[in-house]
Amino acid sequence: MATMRVTPLPEVAPMKAAQISKPGADFEIVEREIPEPAAGEVRVKVQACGVCHSDMLTKEGAWPGIQYPRVPGHEVAGIVDKLGAGVSEWKKGQRVGVGWHGGHDGTCRECRRGDFGNCRNLKIPGISYDGGYQQYMVAPVEALVAIPESLSDVEAAPLLCAGITTYNALRHSGALPGDLVAVQGIGGLGHLGIQFANKFGYQVAAIGRGSEDATLAKKLGASVYIDSQSTNAAQALQQLGGAKVILATAPSSKAMSELIDGLGPNG
Amino acid sequence: MVVGADFAPIQVTPVQLINGSKTIQGWASGTPADSEDTVRFAELTGVRPMVETYPLEKAGEAYARMLSGKAQFRVVLTM
């Protein structure tokens, strides 16, 4: 009788993950095998992961082509846990993050121009592959972000989507120190946008709904608070000379439309 | 500059944009190198997110809290 030679399976410890099994389903906590990094990838021991509004793309299946079950999460802070083959520029134990930009192909027309953010085959953690709502995740090296020591994991995670979006938008906005910059919405993005705008040296007008956010907005660095419920915010901005930039963070097209007349010349 | 994602149209007339040569622009996030600039700038200047934390096991609750718009301000899962 022939004996079958059985290769023993590698021992794999389970980990916890919060996954979506199909579009519209609730989160389920499951045990999974800890994933192995392939060549050009690292495994990250996740310490913290932000919950972003765009996680609804995975939760509700609003992004085409998502394969389920899928683990959302693209605001990841953690520690390099294992290096895939060929990875030399990151070290085990190093603190890293993974944000919305989860990998690019390096070969498409945009990548060849150095415009990696517009890669035709951009990968997004939690959409293209399993993201940070789990104890361990795997990411390609080009997605990794070094995290400075003075930032905790919980502080760093939201900076990798909400933070970068507001910081990067403002620094490319053309506004110069002293210019009037309005930040519409005092929420996940807006409360960071106000801080960055203040540190960039702008005159910051925060636009919120209701009066209760005024104190906080000023503490975050706004010099003016405009309550869009009790005043016409566009007119209020015009009285200040018109905004060079309005950073529209609250996902309300109606509120944005109403603010357009708050822009100054060349705004 | 538009960074808050809504699926409804923004309403604007050509005249609103022509007078004063105004621009409406969208902005996506950026590359990992831009993220490194962001975290280093935060380190340098003290910019920090205000967060509410939930354990991974309560991901559903954390997600609902984010959707409610009442979180102060970013919801973060811890492992």
Side-chain angles (χ1 to χ4, degrees), chain A residues 16 18 26-27 29 46-51 53-54 99-101 116-117 133 135 143-148 150-151 154-169 173 185 187-189 191-192 195-196 199 245 247-253 256-257 260-261 263 265-267, chain B residues 1-12 16-17 19-51 53-54 56-63 65-67 69 71-79:
Chain A
K16 278 187 191 145
D26 287 331
F27 283 95
I29 308 296
V46 179
Q47 305 283 68
C49 182
V51 177
H53 191 260
S54 42
W100 177 261
H101 185 115
F116 304 112
Y133 287 28
Q135 289 176 304
L144 298 180
V145 177
I147 295 178
S150 70
L151 289 177
V154 165
E155 289 170 335
L159 292 175
L160 302 174
C161 180
I164 181 192
T165 300
T166 49
Y167 171 84
N168 218 22
S173 70
L189 270 68
H191 88 288
L192 288 164
Q195 294 180 67
F196 284 128
K199 295 296 181 187
V245 170
L247 186 69
T249 74
S252 162
S253 301
M256 292 178 194
S257 303
I260 292 167
D261 286 335
L263 287 169
N266 304 306
Chain B
M1 289 182 104
V2 176
V3 294
D6 192 355
F7 292 93
I10 293 174
Q11 299 214 334
V12 63
Q16 278 177 290
L17 295 180
N19 286 335
S21 305
K22 287 159 193 164
T23 309
I24 298 173
Q25 185 190 357
W27 191 269
S29 61
T31 64
D34 293 319
S35 281
E36 272 189 22
D37 291 345
T38 307
V39 290
R40 286 169 55 203
F41 186 86
E43 179 180 49
L44 197 67
T45 58
V47 170
R48 294 289 186 279
M50 293 166 67
V51 299
T53 60
Y54 287 79
L56 175 65
E57 292 76 9
K58 294 193 173 170
E61 206 178 303
Y63 180 82
R65 177 72 177 161
M66 177 281 297
L67 268 192
Q72 301 272 332
F73 284 100
R74 288 304 270 193
V75 175
V76 179
L77 296 173
T78 55
M79 302 304 144

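Just the heavy atoms: all of them, side chains too, but no hydrogens, waters or symmetry mates, feed the values below. Just so it is clear: chains get the letters A, B, ... in the order the sequence lines come, proteins before strands, and each one is counted from 1.
With chain A as the partner, the residue from B:Val12, B:Asp34, B:Leu17 showing the most heavy-atom pairs under 4.5 Å is B:Asp34. Put simply, of A:Thr165, A:Leu263, A:Val51, the one with the most heavy-atom pairs under 4.5 Å next to chain B is A:Val51. Ranking B:Gly60, B:Pro49, B:Ala8, B:Ala42 against chain A, the residue ahead of the rest is B:Pro49, based on heavy-atom pairs under 4.5 Å. The candidate from A:Gly50, A:Ser54, A:Pro158 with the greatest count of non-hydrogen atom pairs under 4.5 Å with chain B is A:Pro158. Annotation: maximal heavy-atom pairing with chain B below 4.5 Å, among A:Ala143, A:Gly99, A:Gly185, A:Ala157, occurs at A:Ala143. In terms of heavy-atom pairs under 4.5 Å with chain B, the best-connected choice from A:Val145, A:Asp261, A:Ile260 is A:Val145. Looking only at heavy-atom pairs under 4.5 Å with chain B, the residue among A:Gly163, A:Gly117, A:Ala146 that has the most is A:Ala146. Chosen from B:Arg74, B:Met66, B:Arg65, the residue pairing most often with chain A at heavy-atom distances under 4.5 Å is B:Arg74. The residue among A:Ser252, A:Ala250, A:Cys161 with the most heavy atom pairs within less than 4.5 Å of chain B is A:Ser252. For the set B:Thr78, B:Leu56, B:Leu44, the count of heavy-atom pairs under 4.5 angstrom toward chain A peaks at B:Leu56.
To the nearest 0.5 Å, atoms CG (A:Leu189) and CZ (A:Phe196) are separated by 10.5 Å. The distance from the CD atom of B:Glu36 to the OG1 atom of B:Thr31 is 9.0 Å, given to the nearest 0.5 Å. Distance check, rounded to the nearest 0.5 Å: NZ of B:Lys58 to CG of B:Leu77 gives 12.0 Å. We find the CZ-OG distance between B:Arg48 and A:Ser150 to be 5.0 Å, quoted to the nearest 0.5 Å.
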Check your understanding: Between B:Thr38 and A:Asn168, does a side chain to side chain contact (heavy atoms under 4.5 Å, CB included) hold up when you go through it step by step?
Key -> CA-CA 8 Å; B:Thr38 307; A:Asn168 218 22; 5.7 Å; no
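Here the closest heavy-atom approach between residue B:Asp6 and residue A:Pro251 is recorded as OD2-O, 3.4 Å.
Interface residue A:Leu247: backbone and side-chain heavy atoms are both found under 4.5 Å from chain B. Both the backbone and the side chain of A:Glu155 come within less than 4.5 Å of a heavy atom in chain B. For B:Asn19, no part lies near chain A; criterion is any non-hydrogen pair under 4.5 Å. Heavy atoms of A:Leu159 lying under 4.5 Å from chain B belong to its backbone as well as its side chain. Both the backbone and the side chain of B:Ala59 have a heavy atom closer than 4.5 Å to some heavy atom of chain A. For A:Asp26, no part sits under 4.5 Å from any heavy atom of chain B, backbone or side chain. Proximity to chain A is absent for every atom of B:Glu61, based on heavy atoms less than 4.5 angstrom apart. For a residue to count as touching a neighbouring chain, one of its non-hydrogen atoms must lie under 4.5 Å from one of that chain's; by this rule B:Val51 touches chain A with the side chain only. Interface remark: B:Thr53 contributes side-chain atoms only to the contact with chain A (heavy atom separation under 4.5 Å).
B:Phe73 meets the ring-ring contact (aromatic ring centres under 6.0 Å, His included) test with A:His191; sequence neighbours excluded. Among residues two or more places apart in sequence or in another chain, the side-chain contact (heavy atoms from CB on, under 4.5 Å) test is passed with B:Val2 by A:Met256, B:Ile10, B:Ile24.
Listed for the A:Gln135 side chain is no donor-acceptor partner under 3.5 Å among the backbone atoms of B:Met79.
Within 6.0 Å of atom CD in B:Gln11, 12 or fewer heavy atoms from other residues, nucleotides or ligands are found, so the atom counts as exposed in its surroundings. With a 6.0 Å radius and a threshold of 12 heavy atoms from other residues, nucleotides or ligands, B:Lys22 has its NZ atom above the threshold.
Relative orientation of the A:Phe27 and A:Tyr133 rings is parallel, given thresholds of 30° and 60° on the angle between their planes.
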